[in-house]
Amino acid sequence: RAKADGRNVARFFDPGMQDAADRRAAFEAAMRNGLSLGQFRLFCQPQFDGAGRAVGAEVLVRWQRGEHDLIGPDQFIGFAEESGLILQLGEHVLKESCRALARWHLDPQLGRLKLAVNVSVHQMRDPGFPASVANILDGTGAPPERLYLELTESVFAEDMHEITQRMHELRSHGICFSLDDFGTGYSSLAYLKRFPLSALKIDRSFVRDLGVDPGSASIVEAIIALARNFKLEIVAEGVEYEAQRDFLVDGGCSSMQGYLLGRPMPIDEFEHAYGAAGIGHA
Ligand code: C2E
Ligand code: MG
Ligand code: MG
Ligand code: MG
């Protein structure tokens with residue numbers, strides 16, 4: 001609320017803006033509190049090869065604010081980026097992911113899986129990021145070659161030299177990079193040559209329109225051909241229908257994820273379903 005001494009700039013805002021500022025401050029405090037209480041939980045969505053074998057998983061964070069109050073990342077990642085909390089959240093996600101990889105290493109089934117973790121451009125901007133990832137790998141004993149960091153095309157709007165250098169530094173520890181939501185953003189094909197990438201993820205908007213829009217089928221085919229030429233792995237996201245899976249398998253897509261194949265689930269559930277002693281997925 002505006003203070004009487006006049007130094008508080010808030011009094012120059014209209015009441016609506018004041019409310020928005022209050023809401024932001026409250027949300028930030030709630031997120032900080034949630035971080036300290038361990039309310040940010042890792043979910044895992046399985047990824048499969050063309051033969052239907054599980055080959056990996058993607059970590060997707062959720063905020064468990066209460067027993068029946070689970071919030072998806074679309075509702076807080078943008079805010080975490082604006083407020084700077086993304087660095088703390090990102091570190092938590094990486095630490096928990098590496099702990100999982102270290103556990104999985106001891107299991108004959110889970111030990112074969114790759115684990116993909118989404119990384120914000122704000123994390124990539126941080127010069128201390130590679131060292132912090134290396135520390136987490138050391139501390140947890142996770143096998144670095146199983147860790148994939150997913151970047152979106154927004155990193156290409158950054159200082160090229162800086163980002164490439166940071167990627168090479170992380171690559172030198174054995175970590176791989178995937179380009180997420182490929183085809184939706186800033187991509188220029190030149191980036192595929194310049195950046196040390198291991199995988200491309202076909203955005204789910206193209207997968208969704210397979211069978212509806214012939215243009216999407218052409219785009220998907222072109223991305224698969226591109227990946228093959230650049231010797232990149234390919235992961236299709238958002239596979240919901242058998243016809244989509246069949247199209248992707250016939251087209252030579254090396255792996256895929258989506259509700260048809262497996263939903264994101266709490267990590268302990270994932271380990272139960274996909275571990276050697278697990279019950280398999282329904
Ligand atoms: P993304 O990395 O592209 O993740 C895929 C999103 O698609 C996930 O949404 C997933 O639940 C959803 N999805 C998976 N299969 C299907 C399907 O068959 N159909 C449909 N309609 N959707 C499907 P989610 O979990 O809501 O995550 C949204 C975005 O939030 C992610 O997009 C990612 O960009 C971001 N995100 C998630 N976790 C993190 C994180 O730990 N750090 C950062 N920086 N971003 C994160
Ligand atoms: Mg992703
Ligand atoms: Mg994606
Ligand atoms: Mg996407």
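One-based numbering, in listed order, for ligands and for the atoms of each. Note that the numbering runs from 1 along the sequence shown for the chain. Only heavy atoms go into these numbers, but all of them, side chains included; no hydrogens, no water, no symmetry mates.
For the ligand labelled ligand 1, residue Q257 lies outside the 4.0 Å heavy-atom shell. Under a 4.0 angstrom heavy-atom cut-off, G90 registers as lying outside contact with ligand 1. Heavy atoms of K201 come nearer than 4.0 angstrom to ligand 1 in no pair at all. For the ligand labelled ligand 1, residue R208 lies outside the 4.0 Å heavy-atom shell. By the 4.0 Å heavy-atom criterion, G238 is counted among the residues contacting ligand 1.
For atom 29 (C) of ligand 1, the nearest non-hydrogen atom from the set T184, V59, D74, D181 belongs to D74.
Between W104 and Y274, a ring centre-to-centre spacing not shorter than 6.0 Å is recorded. Between W63 and F79, the gap from one ring centroid to the other reaches at least 6.0 Å.
In this structure, the side-chain contact (heavy atoms from CB on, under 4.5 Å) partners of H122, at least two apart in sequence or on a different chain, are E81, I86, S120, R125.
Checked against a 3.5 angstrom limit, the closest N/O atoms of Q123 and ligand 1 fall outside it. Considering backbone and side-chain N/O of D180, one or more are found under 3.5 Å from N/O of ligand 1.
Closer than 2.8 Å to the Mg ion (ligand 2) sit the protein N, O or S atoms E58 OE2, N118 OD1, E150 OE1, D180 OD2.
Heavy-atom proximity to V61, at under 4.0 Å, picks out these atoms of ligand 1: 38 (N), 39 (C), 40 (C), 41 (O). Atoms of ligand 1 found under 4.0 Å from any heavy atom of E240, numbered from 1 in the order shown, are 17 (C), 18 (O), 19 (N), 20 (C), 21 (N).
No side-chain donor-acceptor contact under 3.5 Å links Q257 to the backbone of G262.
Residues F195 and I163 have side chains in contact (heavy-atom distance under 4.5 Å, counting atoms from C-beta outward).
Under 4.0 Å from ligand 1, not a single heavy atom of R263 appears.
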